[in-house]
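Everything on this sheet refers to the single structure shown next.
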Amino acid sequence: GRERERERLRRDEKRETMEKDRAKRRIAEVRKMLGADQEQALSQALAVALTPDNREHREKIKRYLESSSLFSPRYNIPLASERELALHRLRAIQNGVGALSVKDFRNDPMRIFAAHEETGLCDGSLATKMTVQFNLFGGTVLRLGTEKHFGGKEESFLKSIDDIDSVGCFALTELGFGNNAVQMQTTAVLDERTDEWVINTPTTVAKKYWITNGACHSQWAVIFARMLVRGQDHGVHAFLCRIRDGAVGQPGQPLPEVGIEDMGHKMGCNGVDNGILSFHRLRVPRTALLDAFTQVDARGTVRSTIKKPRDRFLKVADQLLSGRVCIASMSLTATKCALLIAIRYSLTRLAVGSSGQSDTPIFDYQLQQKALLPLLARTYCLGFAHNYVKEELAKQMTGRAENADIVKLCCVIKPLISWNCENTATVCRERCGGQGYLSCNKLGHIIGFSHAAITAEGDNRVLMQKVAKELLARGSVDAPQVPAGADLTSLDTLLALLKARYATHQNALMGKLMVLQPSEVFETWMKRESDLVQATSEAYGEVFVLEQALATLAGKLASAQAKEVVSKIAALYALDCIRRDLAWYLCEGLVGRDQAADVQERVEGLCRDLVPSIPSLLNAFEIPALLVDTTPIAGDWVKFYERA
């Protein structure tokens, strides 16, 4: 009996060794395949198409992230330590490579967007603190302030923002007035006797809520409040105020007139110190008003280049447009990381094959390919569209050009990219099984971050309402004619189908609104036709994304091979959009029964066709090797579990 038991143990040990060796060989093969990248020209062409701007600066940031253990993942650390880590990382990356400057908004906003994309590789909390410090806080001071707010001719205050010596927050949202901030209750009353503003929080629902950097680190705040002069309400304006008494580089203690509550632990991004702020007759100098557009003199005379109070609010909240683009930048990078992790693991994780042995990578399964490759295609196409939005916003911010569609574009790209981030990370988590559930494999962190992105700088659904409202100015839209039995292998046909869906929804929405009295519009818009409102915006967004993918295909690719791959990516994206709404296309007669069956077959065929290009598609993300290797399932996960 003992001999049989020893023999059984020897067989089990031999089988275990064989399985481990097989897994190790597969991991080595995949690492070699991805590392060698036989199609380096293809990878390079795709990389340049995805991130065409500031490439040298992006590389400097990535090399710096790799150079220090400070940027290695940390798990299960105390909340206070996680917050200090995020701030320390932000200071380090500024001191190390000068990732961005508030002044870049004047000359090169693309550099700011690039910095958000690259820091998103490391830590969502770091990227979030970056966007508040430089875009919402610093960018608002720059855009709405004047020389006295910048620190004089030397602009010393702007420099202290760049150096993270003056940490700030953006106090806009109120507990009871999130998506209706124009109705906020916080007041700033001019006291002419002392030449001061008296800022006050009159009710509980007027507390400033979800204020990033507010709980721990901010010495400064841009406070949004209703400006009252001699009893007249001049609308919402922004005021640059101290909220803590710390010296340079130190937060210090809250001022006696400032209440600060810590919002505590969240489902993600816990390196971000979100706080609740309230003001109890906080006195600040009259010059605290950020007065680029509205000035108030010592006699209480108000002058403004913007006549209507509501329009003044829209101007002072303008920095939210670039904020949405920054969040989209961070989310896009996080999505790339999720796809890289899941696909690399799928290529190395062996499971049951036709022989009954664990000798087949799970990526060979159709189930895995159909789950991941449409998401990869969508992410690429969203990246192309995001490039266009960044370029157009940068031109407008620097005064080089105007784009009448810029509000729509900023409001549609953030929802599309952040929703895709959440969906991609969730699918990747599921497709990686139990490994995806471990914190060290990062997918859970990306899911948590994606939910922050979905809500921040405008709830996605509310932004899509804004897009639909902007689209009404176009009036009715001509729907393209799609002939019966049209060729679904043609990108022109696929674009026409997406345009037909958008036109149908736009025209239906216009038709419902045109017959209403003005008093009836709100009831219809908010309570009866919300599905149509959302569908119109989403259909517009899908058309825009495909158009930008086709524009990339037409002009920004360096090789015929890259054009072929991007053509397949664009087709897969479009067909995936059509597949999702296939019942609608059938009901509208835009797709016949035979074509409907072809949609599924085309999706499956394109997934198969893209498999040989996977190394190039992943390498084009240009995610640093060290950041990959600190994610066990993206690297040698067998070695990770070889513990004594």
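Residue indices begin at 1 and follow the sequence shown.
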So that I can tick it off, tell me whether Asp273 and Arg83 are bridged by a salt bridge, with the cut-off set at under 4.0 angstrom between side-chain N and carboxylate O.
no

In sequence, state the C-alpha distance, the side-chain angles, and the governing distance for Tyr573 and Tyr380, and then conclude on ring pair (Phe, Tyr, Trp, His ring centres under 6.0 Å).
CA-CA 9 Å; Tyr573 165 74; Tyr380 259 84; over 10 Å; no

Taking atom types as modelled, find out whether Thr398 and Asn107 have a side-chain donor-acceptor pair closer than 3.5 angstrom.
no

Considering all heavy atoms of both residues, which atom of Gly458 and which atom of Leu463 are nearest to each other, and what is their separation?
O-CD1, 3.5 Å

Side chain Glu529, main chain Leu509, donor-acceptor under 3.5 Å
no

Could you verify whether a donor N or O on one side chain and an acceptor N or O on the other, from Lys148 and Thr146, lie under 3.5 Å apart?
yes

Decide whether Thr552 and Gln548 meet the rule of one side-chain donor and one side-chain acceptor closer than 3.5 Å.
no

Do Asp162 and Leu158 come close enough that some side-chain heavy atom pair is under 4.5 Å?
no

Quick one: do the Ser329 and His386 side chains pair a donor with an acceptor below 3.5 Å?
yes

May I ask you to check whether over 12 heavy atoms, not counting those of Asp478, lie within 6.0 Å of atom CG?
no

For Met130 and Thr119, work out which heavy atoms get closest and say how close.
CE-CG2, 3.4 Å

Close side-chain approach of Ile161 to Gln133, heavy-atom, < 4.5 Å
yes

Out of Leu290, Ile223, Leu144, which residue meets the side chain to side chain contact (heavy atoms under 4.5 Å, CB included) rule with Leu240?
Leu290

Side chain to side chain donor-acceptor pair (under 3.5 Å), paired with His116, selected from Thr333, Asn135, Thr131
Thr131

With distance as the sole test, does His217 use its side chain to make a donor-acceptor pair with the main-chain N or O of Thr212 at under 3.5 Å?
no

Is there side-chain contact between Ile569 and Cys381, with at least one heavy-atom pair below 4.5 Å?
yes

Using side-chain heavy atoms (C-beta onward) and a distance below 4.5 Å, is Thr504 in contact with Arg501?
no

Less than 4.0 angstrom from a charged side-chain N to a carboxylate O is my criterion; do Lys336 and Glu117 meet it?
no

Please tell me whether Glu392 and Asn403 have a donor and an acceptor in their side chains that are separated by less than 3.5 angstrom.
yes

Arg324 to Phe113 six-membered ring, cation-pi geometry met (6.0 Å, 45°):
no

Out of curiosity, Glu391 CD to Met110 CE, how far, rounded to the nearest 0.5 Å?
5.0 Å

Under a 3.5 Å distance rule, please check whether Lys266 uses its side chain to pair with a backbone N or O of Val272 as donor and acceptor.
yes

What I want to find out is whether Lys159 reaches Asp165 closely enough, with some N-O distance under 4.0 Å, to be called a salt bridge.
no

What's the spacing between Ile61 CD1 and Glu66 CD if we round to 0.5 Å?
13.0 Å

Short question: side chain of Lys499, backbone of Pro480 - any donor-acceptor pair under 3.5 Å?
no

Any chance NZ of Lys563 has more than 12 other-residue heavy atoms, nucleotides or ligands included, within less than 6.0 Å?
yes

Tell me which one of Leu339, Thr335, Leu572 satisfies side chain to side chain contact (heavy atoms under 4.5 Å, CB included) with Leu376.
Leu339

Does any non-hydrogen side-chain atom of Phe224 lie less than 4.5 Å from one of Val182?
no

Shortest non-hydrogen contact from Ala508 to Leu532?
C-CD2, 3.9 Å

Spacing of Asn420 atom CG and Leu382 atom CG [to the nearest 0.5 Å]:
5.0 Å

Closest contact, heavy atoms only, Lys129 versus Ala86:
CD-CB, 3.6 Å

In plain terms, say whether Lys408 and Glu470 are close enough for a salt bridge, that is, a side-chain N and a carboxylate O under 4.0 Å apart.
no

Pairwise side-chain contact, Glu622 with Leu121, heavy-atom cut-off 4.5 Å (strictly under)
no

Atom pair CD1 (Ile454) and OG (Ser331), whose distance is rounded to the nearest 0.5 Å
8.5 Å

Judged by atom type as modelled, is there a donor-acceptor pair below 3.5 Å linking the side chain of Gln465 to the main-chain atoms of Val533?
no

Measure from the side-chain N and O atoms of His57 to the backbone N and O of Ala99, and report whether any donor-acceptor pair falls under 3.5 Å.
yes

Please tell me whether Phe71 and Tyr64 form a close aromatic pair, meaning their ring centres lie under 6.0 Å apart.
yes

Return the CG to SG distance between Leu627 and Cys122, rounded to the nearest 0.5 Å.
6.5 Å

Assess whether a salt bridge exists between Glu542 and Arg580, defined as any Lys/Arg side-chain N lying under 4.0 Å from an Asp/Glu carboxylate O.
yes

Do Glu402 and Lys395 sit within salt-bridge range, that is, some charged N less than 4.0 Å from a carboxylate O?
no

Compare every heavy atom of Leu471 with every heavy atom of Gln506, then report the nearest pair and how far apart it is.
NE2-O, 2.8 Å

Would you say Pro109 and Leu393 make side-chain contact, with heavy atoms under 4.5 Å?
no

Between Thr186 and Glu174, do the side chains contain an N or O donor and an N or O acceptor separated by less than 3.5 Å?
yes

Given side chain to side chain donor-acceptor pair (under 3.5 Å), test His234 with Thr294 step by step and report yes or no.
CA-CA 10 Å; His234 292 272; Thr294 300; over 6 Å; no

Examine Trp220 together with Phe170 and report whether their ring centres are nearer than 6.0 Å.
no

Spacing of CD1 belonging to Ile578 relative to CG belonging to Leu497, to within rounding of 0.5 Å
4.5 Å

More than 12 heavy atoms of other groups within 6.0 Å of His88 NE2:
no

Nearest non-hydrogen partners of Tyr209 and Met263, listed with the distance:
CE1-CE, 3.5 Å

Would Gln534 and Ser530 satisfy side chain to side chain donor-acceptor pair (under 3.5 Å), going step by step from the backbone distance to the final call?
CA-CA 6 Å; Gln534 295 291 320; Ser530 61; over 6 Å; no

